[in-house]
Number of protein chains: 2
Amino acid sequence: MLNDRQKMILRMIVDDYVLTAEPVGSRSISKRPDLGLSAATIRNEMADLEELGFLEQPHASAGRVPSQQGYRYYVDHLLATDSNLSTDDLSMIKSLFTEKIDEMERIAQQTAVVLSGMTQYTSVVLGPQVYDTRLRSLQIISLSEHSAVVIVVTSSGQVHNRTVTFPDGISMAEVNRLVTIVNERLQGTPMYKLRSRMLEEIMREVSRNVDDYEEAIRMLDQITPAFGADEEAKVYLGGTTNMLLQPEFQDIHKAQHVLSWLEHHERVVEALKAVPRDRVFGEIPSIRIGGENQVDPLQDCTLITSTYHVAGVPVGVIGIVGPTRMEYARVIPLLRHVSKGLSEIYSKFYKGS
Amino acid sequence: MLNDRQKMILRMIVDDYVLTAEPVGSRSISKRPDLGLSAATIRNEMADLEELGFLEQPHASAGRVPSQQGYRYYVDHLLATDSNLSTDDLSMIKSLFTEKIDEMERIAQQTAVVLSGMTQYTSVVLGPQVYDTRLRSLQIISLSEHSAVVIVVTSSGQVHNRTVTFPDGISMAEVNRLVTIVNERLQGTPMYKLRSRMLEEIMREVSRNVDDYEEAIRMLDQITPAFGADEEAKVYLGGTTNMLLQPEFQDIHKAQHVLSWLEHHERVVEALKAVPRDRVFGEIPSIRIGGENQVDPLQDCTLITSTYHVAGVPVGVIGIVGPTRMEYARVIPLLRHVSKGLSEIYSKFYKGS
DNA sequence: CATTAGCACTCGACGGTGGTGAGTGCTAAC
DNA sequence: GTTAGCACTCACCACCGTCGAGTGCTAATG
């Protein structure tokens with residue numbers, strides 16, 4: 001589609017623009033020593049590239065700026081596929097992963113901080129999601145006569161809890177009996193099946209002992225959210241205000257648009273989960289440039305995400321949000337590297353499942 | 001210090017400026033029907049008020065703007081002390097508190113969302129802090145041969161957990177024995193004493209059974225953070241991007257300054273906790289205007305906070321961050337009302353302690 | 001003596017104007 | 001195919017005058 005020289009020029013323009021955020025003129029390209037062409041020649045090529053849709057002109061006498069399609073071609077064909085992280089970057093990542101980690105959630109949070117710190121973009125980390133976890137243990141600990149804490153531990157070591165209040169008809173003793181039954185019979189039940197399995201067990205018990213089984217079901221409904229099946233995975237953001245550093249977001253309203261989108265975590269989760277099928281497995285980053293994001297506030301942004309895995313199963317996503325003028329050459333290998341590292345770390349935790 | 005007319009004029013200026021964010025001219029004040037004075041008279045009074053330090057002039061031919069001292073006088077002397085929330089506001093608050101709350105943490109989060117939504121400012125909620133909680137139960141649930149989840153439930157129904165890995169020398173059986181001992185002997189121990197009490201118990205056991213007690217202590221250190229004693233209380237922010245709506249933060253750098261401060265939760269906690277002694281008890285809001293905040297990024301902001309309580313003990317803080325040009329007359333009773341409501345809600349939960 | 005009308009003055013906001021320079025497109029020559 | 005030359009475009013900036021809101025001061029007024 002493009003000849004070699006056009007490719008080279010396109011790459012130079014993108015590289016230059018990513019660095020300076022200023023439209024790139026023909027002269028500045030022709031001055032590069034590695035290709036001995038005059039500005040006029042470059043101009044001709046630029047005009048062609050514009051006609052083909054890879055470049056845009058902010059106004060008639062300005063230089064050229066990569067179009068969305070230009071960035072797309074750049075990441076698809078002009079980027080070295082082998083990762084080439086700087087030693088600085090590598091050591092930063094290394095120190096992230098060798099840090100002592102006391103709580104699983106902290107890893108995700110710390111990853112967000114480090115990613116945004118390294119890139120000057122906003123980072124997004126979708127904490128490890130409950131994909132195929134099973135019940136390890138159900139605990140219930142009474143607080144007062146009519147309330148208790150229900151604790152669910154999954155095979156992956158995640159802990160969920162809910163405070164529940166008992167209806168008058170139900171005593172602590174009855175609850176305890178149910179808990180014992182659950183622990184005896186339902187250990188290893190996949191979390192998404194837990195509610196229906198518990199219902200079965202309650203029914204069986206009810207036919208023998210409990211008077212008011214409607215109350216029992218009502219209580220079960222209180223507990224259910226703790227099973228985490230329908231619970232949104234947690235998002236950790238890092239460097240949201242980095243957005244304001246980017247020249248393309250000097251306009252307050254544009255910035256507000258993106259920032260308030262980031263504030264609504266559920267929308268961010270949704271965007272992060274919309275990963276193309278072919279990028280779900282393996283730590284190959286998915287790149288969505290500008291309009292490729294279905295989300296309106298991200299029309300001027302690029303979202304690069306990478307999935308991390310445990311035993312081949314995708315459990316979470318890390319990502320970078322920045323202007324379309326993104327340092328692709330650095331961010332892509334960075335995300336690949338970090339998600340690979342996360343996969344390893346979490347695999348240690350999840351071994352028990 | 002100020003005569004009645006000066007007070008009235010100052011109040012009018014503050015009210016006007018809070019509403020419009022435009023410097024207030026003498027004419028617009030004189031046009032008010034309730035005091036029949038000409039613009040010239042107002043000008044004279046304004047000049048006096050400026051000399052006394054209550055007003056400022058952005059430039060020679062502009063109207064007047066309240067100074068920090070002006071706001072201070074306004075909140076101290078010119079504000080009706082009896083709360084007068086609009087029925088709209090009251091019903092908003094009511095629906096917040098009657099909402100079904102399944103998890104304690106959600107209350108705090110939801111409060112942040114509602115506060116920022118109602119005010120167009122940024123809201124800050126310091127989740128209920130562990131002040132005088134005791135150990136209710138310690139659970140340990142094994143994940144794999146060498147790792148387990150430690151769960152601590154406090155008398156207030158809060159659940160903390162940590163994943164720990166055992167050193168080779170220690171077996172699950174030994175750990176279980178320790179847990180049983182702790183549950184038998186240490187229930188009701190104040191959380192802050194828990195570590196030392198556990199140490200005692202371990203020592204006692206060690207002298208009889210366990211070989212390597214250094215390992216036991218190392219493990220204890222892994223668990224300790226879960227006791228929550230030294231753990232920072234969680235902060236929930238609402239409407240951080242509301243900051244960008246305020247005319248005083250149209251300047252990106254100013255906005256960035258404040259927003260990045262808000263991003264560092266530990267600093268926010270510190271600021272929230274620095275409540276004047278006389279405002280710790282009772283739900284009387286504390287108001288820090290501009291420079292009264294020791295924190296640099298808040299020099300142009302007002303932080304209004306209100307403490308909420310359980311059984312007379314302060315357990316958390318809610319607050320609003322906005323420009324010094326804040327709707328004091330609305331925000332102050334609002335916070336008072338909401339913190340009172342939170343006190344009631346949490347009191348129900350904490351009853352068990 | 002407090003109040004007020006009148007007036008000169010100040011200063012930011014706004015809009016128009018011309019110069020500058022970076023960058024382009026086109027053409028003709030190599 | 002490449003390039004030098006040239007006319008052209010257009011954002012940016014500095015400058016300038018106008019406008020109007022608002023002030024401070026002074027002198028007149030009840």
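Computed from heavy atoms alone, side chains included, the values below leave out hydrogens, waters and symmetry copies. Protein chains get the first letters and strands the later ones, always in sequence-line order, with residue 1 at the start of each.
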d([atom1], [X]; [atom2], [N]) in whole Å:
X: A:H59; N: C:dG21; atom1: NE2; atom2: P; value: 16 Å
X: B:E45; N: D:dT23; atom1: CD; atom2: C1'; value: 16 Å
X: A:I13; N: C:dT24; atom1: CD1; atom2: C1'; value: 13 Å
X: B:E50; N: D:dT23; atom1: CD; atom2: P; value: 10 Å
X: B:R64; N: C:dT10; atom1: CZ; atom2: C1'; value: 13 Å
X: B:L37; N: C:dA2; atom1: CG; atom2: P; value: 13 Å
X: A:I29; N: C:dT24; atom1: CD1; atom2: C1'; value: 15 Å
X: A:I9; N: D:dT2; atom1: CD1; atom2: C1'; value: 12 Å

Problem set entry | Any donor-acceptor N/O pair under 3.5 Å between D:dT23 base and B:S61 side chain |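 There is none.
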Exercise. Checking only heavy atoms, does the side chain of B:R27 share a donor-acceptor pair with the base of D:dG22 at less than 3.5 Å?
Worked result: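 Side chain to base: no pair below 3.5 Å.
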Exercise. Out of D:dT3, D:dT9, C:dG12, which has the shortest distance to the side chain of A:A40?
Worked result: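 The nucleotide sitting nearest to the side chain is D:dT3.
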Seminar exercise, completed: Regarding the side chain of B:M46, the nearest nucleotide among D:dT23, D:dG24, C:dT4 is D:dT23
Problem set entry | Phosphate OP1/OP2 of C:dT4 contacted by B:R43 side-chain N/O (<4.0 Å) |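 No, B:R43 has no side-chain N/O under 4.0 Å of OP1/OP2 on C:dT4.
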For this session: For B:Y71 and B:Y328, run ring-ring contact (aromatic ring centres under 6.0 Å, His included): C-alpha distance rounded to whole Å, both residues' side-chain angles, the deciding distance at 0.1 Å, then the answer.
Result: CA-CA 9 Å; B:Y71 286 123; B:Y328 296 94; 5.8 Å; yes
Exercise. Between B:Q246 and B:Q120, is there a donor-acceptor pair closer than 3.5 Å when you use the side chain of the first and the backbone of the second?
Worked result: yes
Problem set entry | Steps toward side chain to side chain contact (heavy atoms under 4.5 Å, CB included) verdict (B:E248, B:R325) | CA-CA 9 Å; B:E248 26 273 282; B:R325 180 186 63 79; 2.7 Å; yes
Seminar exercise, completed: Closest to the 5' end of DNA chain C, once B:N44 and A:N44 are matched to their nearest nucleotides, is B:N44
Problem set entry | Option among B:I304, B:I320, B:V331 that satisfies the side chain to side chain contact (heavy atoms under 4.5 Å, CB included) test with B:I287 |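 Of the listed options, the one satisfying the test is B:I304.
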For this session: Could you tell me whether A:R11 and A:D15 make a salt bridge, using a distance below 4.0 angstrom between a side-chain N and a carboxylate O?
Result: no
